[in-house]
Number of protein chains: 2
Amino acid sequence: MKITEIRNKLIEKELKVTPQRIAILEAIIKLHNHPTAENIIDYIRNNHPNIATATVYKVLDALASNELIKKVKTERDVMRYDAVIENHHHLYCSESDRIEDYTDNELNELLEKYFETKGIPDFKIEDIKLQIIGKFTKTKK
Amino acid sequence: MKITEIRNKLIEKELKVTPQRIAILEAIIKLHNHPTAENIIDYIRNNHPNIATATVYKVLDALASNELIKKVKTERDVMRYDAVIENHHHLYCSESDRIEDYTDNELNELLEKYFETKGIPDFKIEDIKLQIIGKFTKTKK
DNA sequence: TTTTCAAAAGAGAATAATTCTCATATAATA
DNA sequence: TATTATATGAGAATTATTCTCTTTTGAAAA
């Protein structure tokens, strides 16, 4: 992902383009395994030693509320961030902190069809996310 | 749920029966909408003004690791607790903190069948939980 | 019933992730 | 380039949760 692309994403959302925002968004894209705020801070401090912690959190909030990234919550403790915005699910390792994205349009259609006919009483569905818990049988590439 | 039942649950898990544990488990069952630790503390302090905060957290951990309650993580911030242990999904309100349980065995079977034939490469599924995000069309009874 | 002792609880300090405050700096627009 | 709303920096503040250490207690055994 080129910096120009990141810049355009920000412009599309009418967010001011700042070096901090570019650095943070770039970091989340590069650090694919759903980094924590701390991972991001560590990463960007290499090239941008002066970005304040509070700025990182503020930028993460801004990016998330403009749907440029997603917040991902784990059973464990801290918030994690995901650059992938297209609809997808998550694979959680039951033994470690590893999280992977899982995209499956066939499944999405199946669920959509299922709830279309069945529905949930007194509830209007907007989005469905699966948390698939289990074990990875290969280590990360 | 009678106190004797709660007591038996603890005994089954070989946990010592203490007034604190009974009070906390009872509180989670009564406060059904997935209380936070704070909700629980507020609730039990009425009848048991001397239960320490640390004790509540310790008891919650003990109950959760013995599968008498579940920890529920929200997109927002704090940990919440659920007395329902049978397999179920969650309905999240996109506008408030409300969370409800959603049990649907037909859906569970559908998912099981789907993944049985399809599978996920390099991943052994242990459990699947749906986070269904949307809006409640009725206020809570 | 009393004794025993591992396990649990109490108290409050400690920790750590996140947020707040507010002065300063900077992007975007005219 | 001047203007202005918006973003950033710095560090203090907040808050949920955990830790430490002492005291208490549940329940098994005598």
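Here the structure is a predicted model, which is why all the values come from computation and not from measurement. To find a chain, count down the sequence lines: A is the first, B the second, and so on, and within it residues start at 1.
- By the side-chain contact (heavy atoms from CB on, under 4.5 Å) test, A/Ile133 pairs with A/Tyr92, A/Ser94, A/Gln131, B/Glu126, B/Asp127, B/Lys129, sequence neighbours left out.
- Within the structure, salt bridge (charged side-chain N to carboxylate O under 4.0 Å, His left out) pairs that include any residue of residues 101-110 of chain B comprise A/Lys118-B/Asp104, A/Lys118-B/Glu106 (at least two apart or interchain).
- Listed by residue number, A/Ala37 are the residues of residues 34-50 of chain A with a heavy-atom contact under 4.0 Å to DNA chain C.
- Taking atom CZ of residue A/Arg21 and atom P of nucleotide D/dT6, one finds them 11 Å apart after rounding to whole Å.
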Nucleotides 21-30 of chain C: protein proximity per nucleotide (B base, S sugar-phosphate only, - neither; heavy atom, under 4.0 Å) = B-----BS--
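- Closest approach to the B/Ala52 side chain among C/dG10, C/dT19, D/dG9 is made by C/dG10 (side chain taken as heavy atoms from C-beta onward).
- Between B/Lys30 and B/Glu26 there is a salt bridge, with a side-chain nitrogen of the basic residue lying less than 4.0 Å from a carboxylate oxygen of the acidic one.
- Considering only residues two or more places apart in sequence or on other chains, B/Lys113 meets the salt bridge (Lys or Arg N to Asp or Glu O under 4.0 Å) condition with none of them.
- For B/Phe136, the ring pair (Phe, Tyr, Trp, His ring centres under 6.0 Å) test picks out A/Phe123, with sequence neighbours left out.
- Considering only side-chain N and O atoms, A/Tyr57 lies under 4.0 angstrom from the phosphate OP1 or OP2 of C/dT18.
- For the OP1/OP2 pair of D/dG9 and a distance below 4.0 Å, the side-chain nitrogens and oxygens of A/Gln20 include at least one atom meeting the criterion.
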Scan the side chains in residues 44-52 of chain A for donor-acceptor partners under 3.5 Å anywhere in the protein, sequence neighbours excluded, and list what turns up.
from: A/Arg45; atom 1: NE; to: A/Ile51; atom 2: O; distance (Å): 3.1
from: A/Arg45; atom 1: NH2; to: A/Ile51; atom 2: O; distance (Å): 2.9
from: A/Arg45; atom 1: NH2; to: A/Thr53; atom 2: OG1; distance (Å): 3.4
from: A/Asn46; atom 1: ND2; to: A/Tyr43; atom 2: O; distance (Å): 3.4

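- Listed by first then second residue, pairs satisfying salt bridge (charged side-chain N to carboxylate O under 4.0 Å, His left out) with a partner in residues 12-23 of chain A number zero, not counting sequence neighbours.
- Shown here are the salt bridge (Lys or Arg N to Asp or Glu O under 4.0 Å) partners of A/Asp122, two or more places apart in sequence or in another chain: B/Lys138.
- Under the ring pair (Phe, Tyr, Trp, His ring centres under 6.0 Å) criterion, B/His90 pairs with B/His34, B/His88, not counting sequence neighbours.
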Could you pull out every donor-acceptor pair under 3.5 Å between side chains of residues 60-68 of chain A and any protein atom, sequence neighbours left out?
from: A/Asp61; atom 1: OD1; to: A/Lys71; atom 2: NZ; distance (Å): 3.1
from: A/Ser65; atom 1: OG; to: A/Asp61; atom 2: O; distance (Å): 2.9
from: A/Ser65; atom 1: OG; to: A/Ala62; atom 2: O; distance (Å): 3.4
from: A/Asn66; atom 1: ND2; to: A/Ala62; atom 2: O; distance (Å): 2.8

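- Summary for the helix from C/dT1-D/dA30 to C/dA30-D/dT1: the axes at its two ends, each from 5 pairs, differ by 40° when rounded to the nearest 10 degrees.
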